[in-house]
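Reviewing the structure listed below.
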Amino acid sequence: QVQLAESGGGLAQAGGSLRLSCAASGRISAYFMGWFRQAPGKEREFVAGITYSDSYRFYADSVKGRFTISRDNAKNMVSLEMNNLTPEDTAVYYCAAGPHYSDYHEAYDSWGQGTQVTVSS
């Protein structure tokens, strides 16, 4: 397992942008990396994921065209660029590492502590 730490959350206005970063304590090159989010009273939901060598990227329908996931295996970092934010994007965002693609949170082995994103209308 790797230790993960998210940063970059905060407050944004609707239509604005934020960039989240996830720093890993170990090598992430062997992991599928994902971003999830959880709003109050809701289930943790898949947002985006990226394969080991960045061959494929996956997005939830709700963020497709607005969010972009990327990774830098040399720096052991994963990022989530979020554009055209809406109040519905308000949630705690988590970085996760797992063996393969899944949109189900229990498939992932390692998690960060989360970073709050709040979007005002």
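We count residues from 1, following the sequence as given.
- Checked against ring-ring contact (aromatic ring centres under 6.0 Å, His included), Y101 has the following partners two or more places apart in sequence or in another chain: F32, F46, F58.
- Crowding of K42 atom NZ: a count of heavy atoms from other residues, nucleotides or ligands under 6.0 Å not exceeding 12.
- Remark: the backbone N or O of A107 is not paired with any side-chain donor or acceptor of S102 at under 3.5 angstrom.
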Original post:
Would E43 and F36 satisfy side chain to side chain contact (heavy atoms under 4.5 Å, CB included), going step by step from the backbone distance to the final call?
Top reply: CA-CA 10 Å; E43 296 280 327; F36 284 74; over 6 Å; no

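- For the pair R44 and Y94, the cation sits on the ring face: its NZ or CZ lies under 6.0 Å from the ring centre, inside 45° of the axis.
- Between the side chain of Y93 and the main chain of V47, no donor-acceptor pair closer than 3.5 Å is present.
- Looking at Q116 and T90, their side chains come closer than 4.5 Å, going by heavy atoms from C-beta outward.
- Between atom CG of residue L4 and atom CD1 of residue I28 there is a gap of 8.5 Å, rounded to the nearest 0.5 Å.
- A chain of hydrophobic side-chain contacts below 4.5 Å, direct or via other Ile, Leu, Val, Met, Phe, Trp or Tyr residues, connects Y59 to V117.
- With contacts defined as side-chain heavy-atom distances shorter than 4.5 Å, the pair R66/T86 qualifies.
- Contact annotation: the side chain of M33 approaches that of C95 to within less than 4.5 Å [non-hydrogen atoms, C-beta and beyond].
- Between the CG atom in N76 and the CZ atom in R71 there is a gap of 9.0 Å [rounded to 0.5 Å].
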Identify each donor-acceptor pair in which a side-chain atom of residues 9-22 lies under 3.5 Å from a protein atom, sequence neighbours left out, and give them as a table.
from, atom 1, to, atom 2, distance (Å)
S17, OG, N83, OD1, 2.8
R19, NH1, E81, OE1, 2.9
R19, NH2, S79, OG, 3.4

**OP:** Kindly indicate, with the supporting measurements, whether the criterion side chain to side chain contact (heavy atoms under 4.5 Å, CB included) is fulfilled by H105 and W111.
**Re:** CA-CA 10 Å; H105 62 86; W111 292 86; 3.7 Å; yes

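- The salt bridge (Lys or Arg N to Asp or Glu O under 4.0 Å) search around D54 returns R57, not counting sequence neighbours.
- Atoms CG and OH, from D103 and Y108 in turn, are 7.5 Å apart once rounded to the nearest 0.5 Å.
- P99 and D109 make their closest contact through CD-OD2, 3.6 Å (heavy atoms, listed as atom of the first residue, atom of the second, distance).
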Original post:
Given Y56 and I50, is the side chain to side chain contact (heavy atoms under 4.5 Å, CB included) satisfied, shown in steps?
Top reply: CA-CA 6 Å; Y56 295 98; I50 186 167; over 6 Å; no

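- Residues V63 and R37 form a side-chain contact, since some pair of their non-hydrogen atoms from C-beta on lies under 4.5 Å apart.
- Distance check: E6 CD to W35 CH2 gives 5.5 Å after rounding to the nearest 0.5 Å.
- Remark: the backbone N or O of Y52 is paired with a side-chain donor or acceptor of N73 at under 3.5 angstrom.
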